[in-house]
Protein chains: 2
Amino acid sequence: MRTRRAEYSESTRQALVDSAVDLFTKRGYAGTSLDEVVKRARVTKGALYHHFSGKQALFEAAFAQVETQSIESLTAVISGDGDPWEVAVAGLRAYVRKCLDPEYQRIIVHEAPVVMGWERWREAEEHFSFGLLRSAVQLLVDAGEIEDLPVEVMARLLFGALSSGASTIASSSDPKRTGRDVERAILRVLEGLRKK
Amino acid sequence: MRTRRAEYSESTRQALVDSAVDLFTKRGYAGTSLDEVVKRARVTKGALYHHFSGKQALFEAAFAQVETQSIESLTAVISGDGDPWEVAVAGLRAYVRKCLDPEYQRIIVHEAPVVMGWERWREAEEHFSFGLLRSAVQLLVDAGEIEDLPVEVMARLLFGALSSGASTIASSSDPKRTGRDVERAILRVLEGLRKK
DNA sequence: TATCTCACATACCGACGGTACGTACCGGTG
DNA sequence: CACCGGTACGTACCGTCGGTATGTGAGATA
């Protein structure tokens, strides 16, 4: 049953999350006040605390929204069932591009581990970007394309390297050039792991 | 001229920084109140705001202290002038060990980029751990040990991978095993970049 | 229509970062 | 030795912000 009240409620919740994503991206978690969030969403703190248990919960909702959108755009790239190596390379490129999105970079890469705590962040990432990356690495190992080092660890290292690379690109004075360098370096590292 | 007054003052400042390092490590930046810091240092906020312009400045002092200690222990490892490759490997091992130190991991790796802002963190790191790592990479390239990809980018990627790897080890249920896996994986990546 | 419920709004509290101002003590000067 | 200037704090207070308790009105229910 889809009542009108429920629609209003969902709309309010969505407005709060959108506002949160926007402000957390611009000013960070600590720099964003809930008063600002509710003001931009044209509601009050009563609404916020009705939908979320607190600031942390609101952040996690913003986190989930950004990650969900990312997953959608990434799976579209990966779902093609061509040569595993080609697919993996395309996925890498797509992920680096994603990391350059301000929302993703600020909320997911930089703030989330601190705000949610590294342990909880890691757990949440299992179902999102990191989970996807690990499956990709697993595919490459299964296909015999790269050495079969422990997948979990390999994925972690790659994840860290990619995030760091994306941050470097984003704050570079010549993003285009740095972007090419990062891509080439990552590909070169993968080539180094490739079985002949 | 080393007056007694200056010694007292320096001692007070040091007590504040030590207290800050300890509390920031245990509870993080946001979770640490300045009242706690000054209480543990057995002074008041007046003293704190005499020595530091605010909470951020106190954090940066803590950051500098932890990094300075790290630099000292790392340069000791690297300063040996043996085979560049051996020195680099020893340096990598030493850095991963450093990342497992709670103070370093929490303050430098996790909190600093968020608290100081990524840009400022990057700038500060030029004179500390990252600067050291980049020189090490530069040495390997100059010695013709690895491919001469852009050093800056390579160092960034390696830095991110190492930090991520260290976090993985620290939160692993079997740190010893994970530690070995991370070391092996990193070395394997470097081998892949090695010129034949 | 009467009632109930829930999705908010309003008013308020305590904690915390930061500031203004007071003060005691050290170190130099006549 | 008396005096004085400045440094190194301590104390009292303010504004902001996250969180809570309670009121209320529109929409669902019978």
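Order of the sequence lines fixes the chain letters, A, B, ..., with proteins taken first and strands second; residue numbering starts at 1 for each chain. Side chains are part of it too, since the values below use all heavy atoms of this structure and drop only hydrogens, waters and symmetry mates.
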Take atom [atom1] of [X] and atom [atom2] of [N], then tell me their distance rounded to the nearest Å.
{"X": "K55(B)", "N": "dT16(D)", "atom1": "NZ", "atom2": "P", "value": "18 Å"}
{"X": "E7(B)", "N": "dT7(D)", "atom1": "CD", "atom2": "P", "value": "18 Å"}
{"X": "Y49(A)", "N": "dC13(C)", "atom1": "OH", "atom2": "C1'", "value": "13 Å"}
{"X": "L48(A)", "N": "dT10(C)", "atom1": "CG", "atom2": "P", "value": "15 Å"}
{"X": "K39(B)", "N": "dA15(C)", "atom1": "NZ", "atom2": "C1'", "value": "15 Å"}
{"X": "Y29(B)", "N": "dC16(C)", "atom1": "OH", "atom2": "P", "value": "14 Å"}
{"X": "R4(A)", "N": "dC6(C)", "atom1": "CZ", "atom2": "C1'", "value": "15 Å"}
{"X": "L16(A)", "N": "dA9(C)", "atom1": "CG", "atom2": "C1'", "value": "13 Å"}

> Is it true that atom NZ of K195(A) has more than 12 heavy atoms of other residues, nucleotides or ligands lying nearer than 6.0 Å?
Replying inline: yes
> Is it the case that more than 12 heavy atoms not belonging to R194(B) sit under 6.0 Å from its CZ atom?
Replying inline: yes
Give the nucleotide from the list [options] with an atom nearest to the side chain of [X].
{"X": "L34(A)", "options": "dG27(C), dG18(D), dG18(C)", "answer": "dG18(D)"}
{"X": "T12(B)", "options": "dG18(D), dG17(C), dC9(D)", "answer": "dC9(D)"}
{"X": "Y8(A)", "options": "dG27(D), dC16(C), dC9(D)", "answer": "dG27(D)"}
{"X": "A47(B)", "options": "dA7(C), dC9(D), dG18(D)", "answer": "dC9(D)"}
{"X": "T3(B)", "options": "dG27(C), dC9(D), dG17(C)", "answer": "dG27(C)"}
{"X": "R5(B)", "options": "dG19(D), dC25(C), dG27(D)", "answer": "dC25(C)"}

> For S11(A), which contact category applies under a 4.0 Å heavy-atom criterion: base, sugar-phosphate, or nothing?
Replying inline: nothing
>> Categorize T44(B) for me: base, sugar-phosphate, or nothing, with a 4.0 angstrom heavy-atom threshold over every strand shown.
In response: base
> If you draw the axis of the six-membered ring of F52(B), does the NZ or CZ of R13(B) fall within 45° of it and under 6.0 Å from the ring centre?
Replying inline: no
> Do the rings of W118(B) and H110(A) sit parallel, tilted or perpendicular, given the 30° and 60° boundaries?
Replying inline: parallel
>> In terms of relative ring orientation, are F128(A) and F63(A) parallel, tilted or perpendicular, with 30° and 60° separating the classes?
In response: perpendicular
>> Which is more 5' along DNA chain C, the nucleotide nearest H51(A) or the one nearest G46(B)? Just name the residue.
In response: H51(A)
>> Can you say whether a donor on the side chain of K45(B) sits under 3.5 Å from an acceptor on the base of dG17(C), or the other way round?
In response: yes
> Within less than 4.0 Å of OP1 or OP2 of dC8(C), is there a side-chain N or O belonging to S9(A)?
Replying inline: yes
>> With a cut-off of less than 4.0 Å, is there a side-chain N or O of H50(A) near OP1 or OP2 of dC8(C)?
In response: no
